[in-house]
2 protein chains.
Amino acid sequence: MTQAASLSQFRTGVAGGPSLAACAALAQSLRLGAGEIAPLPRGKSALVHIVSGAAKLVAQAAAEREQVTAFNFAGDLVLVPGSGPHAYVLHSLVECELTVFPYEALREVVADDPAILARLLDNCDAALGRCREKALMIGRKTASERMAGFLVMMAARIGVPHGDMTLLDLPMSRRDIGDSLGLTIETISRQFSLLRDDHMIATEGRSKVMLLDFAGLRARAGHLAEAPAAFSSEFALDQC
Amino acid sequence: MTQAASLSQFRTGVAGGPSLAACAALAQSLRLGAGEIAPLPRGKSALVHIVSGAAKLVAQAAAEREQVTAFNFAGDLVLVPGSGPHAYVLHSLVECELTVFPYEALREVVADDPAILARLLDNCDAALGRCREKALMIGRKTASERMAGFLVMMAARIGVPHGDMTLLDLPMSRRDIGDSLGLTIETISRQFSLLRDDHMIATEGRSKVMLLDFAGLRARAGHLAEAPAAFSSEFALDQC
DNA sequence: CGTGTTATTGAGTTGTATCAATCCCAGTGG
DNA sequence: CCACTGGGATTGATACAACTCAATAACACG
């Protein structure tokens, strides 16, 4: 039961509140193929639990001008805004299992359940923190720094340790990365080439990237220090 | 009593929960002159209530490379992150009265108070929505669109209606605006001049801006439609 | 009425976008 | 198993929006 898995995400680990059953009534399971758009109710916000797979949350400024707000992987909770200055859609990157909760209705149901509210707040805090970091990255960093920052973030999310190196199998295209970092597909490609020339990464095929010099990448990203636990939380809403 | 004013912000309007007294014990009042940095505990997150005045939340990438994450005005709640890939500071723009709550401690105190948690979550949702809009703005819009978007946002925040026009008295410098939009001070100045040439604004002194054509500005910003209520909420955390 | 700070304007530079031409890979079907 | 094929990726040439440097102007303050 994928819904059961999603509901268990709301528990704090101590005990399920009395509103869990009510949440279950709201939940809707969904299965998407690769590259599909999640069919969410228009005009209403949705809280989406990624049971398996990977997706991107996209803000649409215009045709050919999209901003990837966040990449999301199995276990993530994504809040998809239903209204605002721009439209948001959730795209699957690979085959996905999702559980969708109408957000406003969910909030009413859990209004008296401090454990679930606290859980949601924790994740909203984390998402806000990452979104702010992203704004800084896009607003005040060079293409080279953004690229390094992206790889460091992805390593924390889906990196597989290989000795002192990290292997990434990126489910997103160069275009997706560009739309996430506010750069073009060509600039992304050039940055990959530069990182390869500098022996900081090695690539294989379109998607596999081996991080050869993690400290070097972090330095290039211009981070203060190692990212804190909140940025690699298992139960993380809205990963960037 | 400014602390009393801050605490009242946590109530939902129905009734104060039992944890309000505990919140009061954590609160610390602060008064800043113009252009000061709020002395917040290092390494810990703080929730700051702007009782009066105006402030900016700044993320520091490096010297001369700062990103203004949000501008905040009287009534706002700002969550200042204590740790992360970059350092954050809260700068006053004018004389300010603040109430500071250590965020982690506050969260423990209100852990069983669903009303306050819901309030905090509402505001975190709103802040996340605005931060996402900002990321889109910085990542995928031209200088002209960003400038227009900034003025539209400020109008919703501190605009004073004058007939069918809106008067702004901006408390921030051109540098602050540039640091907020990911542009330089010179580009901001040139955009002001262009908007003046196009008869969309009129300026007086450094800080006063009259918006002559609000619909035109919103069109230039590339927004879908009118900004929803959530973006001009009275009780708004972390206004961008 | 100075005086220092902030804003404006101009001239030139640069990083990234754009346009365009291969190249490479992952499927697909023979 | 291998050639075919089409979309993504890479690389190069050029354009342009915003940055940088610099000089002047406007404002706010004492």
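Keep in mind that this is a model prediction, so the values were computed, not measured. Lettering of chains follows the sequences in order, A, B, ..., and the numbering in each one begins at 1.
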Backbone N or O of [Y] within a donor-acceptor pair of the [X] side chain at under 3.5 Å?
X: Glu97(A); Y: Leu30(A); value: no
X: Lys141(B); Y: Ala221(B); value: yes
X: Arg175(B); Y: Ile185(B); value: no

Would you mind telling me which of [options] lies closest to the side-chain atoms of [X]?
X: Glu186(B); options: dA17(C), dT20(D), dC19(D); value: dT20(D)
X: Ala143(B); options: dG7(D), dA7(C), dA18(D); value: dA18(D)
X: Arg206(A); options: dT20(D), dC27(D), dG8(D); value: dG8(D)

Inset, instruction - Measure from NZ or CZ of Arg174(B) to the centre of the six-membered ring of Phe192(B) and say whether it is under 6.0 Å with the direction within 45° of the ring axis. - result: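 Judged by the rule (NZ or CZ under 6.0 Å from the ring centre, within 45° of its axis), Arg174(B) counts as positioned above Phe192(B).
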
Inset, instruction - Examine dA17(C): is either OP1 or OP2 under 4.0 Å from a nitrogen or oxygen in the side chain of Thr187(A)? Give yes or no. - result: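 Yes, such a contact exists.
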
Legend entry - Distance-only donor-acceptor test, Glu204(A) side-chain atoms vs dC25(C) base atoms, 3.5 Å: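 No, the side chain and the base share no sub-3.5 Å donor-acceptor pair.
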
Legend entry - base_contact_polar (dT6(C) base, Arg174(B) side chain, donor-acceptor, <3.5 Å):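 Flag unset: no donor-acceptor pair detected.
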
Inset, instruction - Using the closest heavy atom to pick a nucleotide of DNA chain C for each, name whichever of Gly205(A) or Thr142(A) lands nearer the 5' end. - result: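 The 5'-side residue here is Thr142(A).
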
Inset, instruction - Begin with the C-alpha distance, continue with both residues' side-chain angles, and end with the deciding distance and a verdict on side-chain contact (heavy atoms from CB on, under 4.5 Å) for Met153(B) and Met137(B). - result: CA-CA 12 Å; Met153(B) 177 67 87; Met137(B) 189 147 120; over 6 Å; no

Pairwise N/O distances under 3.5 Å, protein to nucleotides 21-23 of chain C:
none

Legend entry - 5' precedence on DNA chain D between Arg140(A) and Ser173(A) (nearest-nucleotide basis):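 Final value for this comparison: Ser173(A).
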
Inset, instruction - Could you identify which residues of residues 188-199 of chain A place a heavy atom less than 4.0 Å from some atom of DNA chain C, listed by residue number, or say none? - result: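 Result for residues 188-199 of chain A: Arg190(A), sorted by number.
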
Inset, instruction - Evaluate salt bridge (Lys or Arg N to Asp or Glu O under 4.0 Å) for Asp198(B) paired with Arg220(B), printing each intermediate quantity in order. - result: CA-CA 12 Å; Asp198(B) 292 352; Arg220(B) 191 180 280 219; 2.6 Å; yes

